[in-house]
Amino acid sequence: MPVTRENLRATVEEVVQAQPITDIHTHLYAPPFGELLLWGVDELITYHYLIAETFRKADISYEAYWALSKTEQADLIWQTLFIENSPISESCRGVVTALNDLGLDLSNRDLNEYRQYFAHLTPEEHIDKVFSLANVKEVVMTNDPFDDLERSVWDNGTDFDERFKAALRIDPLLNAYVETGREKLSAGGYNVDEELSDTALAEIRRFLSDWIKKMSPKYMAVSLPPEFAFPEDSARGKILRECVLPVSREYNVPFAMMIGVTRAVNPQLRLAGDGLAKADMRSVENICRENPNNKFFVTVLSRENQHELCVIGRKFPNLMVFGCWWFMNNPSIIEEITRERIELLGLSVIPQHSDARILDQLVYKWKHSKAIITDVLADKYGDLLDSGWRLEREELVRDVAGLLGENFDRFIEG
Ligand code: RAT
Ligand code: ZN
């Protein structure tokens with residue numbers, strides 16, 4: 001059935017809402033990972049994005065804040081950002097959207113009442129509810145093979161909720177090999193040395209293959225500082241070239257690079273203390289050109305790098321641009337980036353991931369992003385209709401299915 005100018009906006013909205021989503025980067029975990037799976041109102045309110053905002057308004061020292069219990073921290077953040085001020089930042093608005101869509105009464109602003117609601121739920125039933133509200137089909141976790149708790153779960157097999165897919169995250173291996181990575185590998189039984197001898201490189205390849213076999217990850221991933229370069233005369237450069245890229249090819253497990261984070265700009269803020277800076281995107285050009293048989297997912301943290309990344313995407317089919325990461329995950333910037341990407345890359349992108357750390361965040365992160373994706377698509381298809389193009393509803397369904405899931409699967413399989 002052709003879409004008309006009159007029903008275009010409503011049709012795009014309906015199709016976007018109806019499309020089950022594959023969320024390709026989150027920090028969520030399946031229930032067997034126990035305390036690593038965060039959910040509920042206290043977790044929502046103490047999300048690290050909100051901690052940073054609280055210190056700008058509350059009269060409390062870092063030491064005093066970190067000495068509080070989780071419940072006390074949530075009380076302070078709620079009082080500061082929701083009661084004494086209106087919660088209009090994106091992170092605050094997210095809490096409001098999530099609680100509202102879960103059916104809680106926002107008129108009384110009673111945190112203890114919200115706590116009661118969550119106290120009666122099991123993680124399993126809450127997962128079903130949240131996935132259904134957000135219309136999320138699958139989430140990709142961020143799995144750290146160096147984490148003791150995670151390792152014990154993986155050692156017990158992967159027979160858990162199939163909606164949770166793995167991603168092998170290797171930050172310590174690439175970004176801190178000398179400081180911590182080497183020691184962690186040795187502790188895991190891998191014969192590695194500081195000089196990265198041929199034996200050590202073979203052992204690192206064995207480590208990566210072992211974890212690929214254990215986790216069946218959708219991809220391997222790393223976050224990278226703005227100084228990241230490729231090629232690079234460093235432990236990272238050597239491990240990347242000699243270990244990560246060949247193993248990625250051998251197992252057809254793409255490599256995801258998340259570029260531009262400056263860790264611990266303010267260490268007092270702990271997880272909330274990271275910042276960003278513009279990176280030199282020629283590293284992405286080089287790695288894609290020199291490794292045409294490798295597949296790369298790339299997202300960048302600096303707004304200034306977004307346009308360059310789109311242009312590089314035009315040059316290299318082995319690069320899949322994805323998501324509006326972290327400080328980019330705000331409506332004004334999501335809108336700008338999504339338009340830019342669609343104008344330069346058409347439908348060959350993955351416009352968004354949630355980065356949810358708390359299960360309930362899937363509700364708001366996807367609701368807010370879907371509204372923007374809908375607006376951008378309605379504009380773009382509207383331009384086509386105005387120029388005389390005929391658009392079938394099935395074509396719209398096909399395109400949206402690609403953006404919200406199939407592009408990811410096809411890129412991995414292809
Ligand atoms: O968005 C976040 O929560 C950040 O703290 C990071 O986890 C980031 O997304 C990352 O994956 O490194
Ligand atoms: Zn993340």
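Just so you know, ligand 1 is whichever comes first in the structure, and atom 1 is the first atom listed for that ligand. All of these numbers come straight from a predicted model, not from anything done at the bench.
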Just checking, is any N or O donor in the side chain of N329 or Y49 under 3.5 Å from an acceptor N or O on the other one?
no
If we ignore angles and hydrogens, is there a donor and acceptor under 3.5 Å between the side chains of E304 and S302?
yes
So, does T142 sit close enough to ligand 1 that a heavy atom of it is under 4.0 Å from the ligand?
no
Does ligand 1 have an atom that lies less than 4.0 angstrom from a heavy atom of R263?
yes
Starting from atom 8 (C) of ligand 1, what is the nearest protein heavy atom, named by residue and atom, and what distance separates them?
W325 NE1, 3.4 Å
Nearest non-hydrogen protein atom, atom 5 (O) of ligand 1:
H48 NE2, 2.9 Å
R357 N/O to ligand 1 N/O under 3.5 Å:
yes
Sub-3.5 Å N/O-N/O distance, Y47 and ligand 1:
no
The Zn ion (ligand 2) -> D355, closest N, O or S atom is OD1
Looking only at N, O or S atoms in H27, which is nearest to the Zn ion (ligand 2)?
NE2
Which one holds for R169 and ligand 1: side chain close, backbone close, both close, or neither close, with close meaning a heavy atom under 4.0 Å?
side chain
Apply the test side-chain contact (heavy atoms from CB on, under 4.5 Å) to residues Y251 and L208: give CA-CA distance (whole Å), side-chain angles for both, the deciding distance (0.1 Å), then the verdict.
CA-CA 10 Å; Y251 289 90; L208 294 171; over 6 Å; no
Sub-4.0 Å atoms of ligand 1 with respect to non-hydrogen atoms of [X]:
X	value
Y49	1 (O), 2 (C), 3 (O)
D355	1 (O), 2 (C), 9 (O)
H25	9 (O), 11 (O)

Taking NZ, NE, NH1 and NH2 as the nitrogens, is one of them in R115 or D75 under 4.0 Å from a carboxylate oxygen of the other?
yes
Under a 4.0 Å N-O cut-off, is there an ion pair linking D375 with R9?
yes
To the nearest 0.5 Å, atom CD1 of I259 lies from atom OG of S283 at 5.0 Å
Pick out which of F296, F411, F297 makes a ring pair (Phe, Tyr, Trp, His ring centres under 6.0 Å) with Y219.
F297
With ring-ring contact (aromatic ring centres under 6.0 Å, His included) as the test, would you mind laying out the steps for F131 and F164 before giving the verdict?
CA-CA 11 Å; F131 273 54; F164 291 80; 5.6 Å; yes
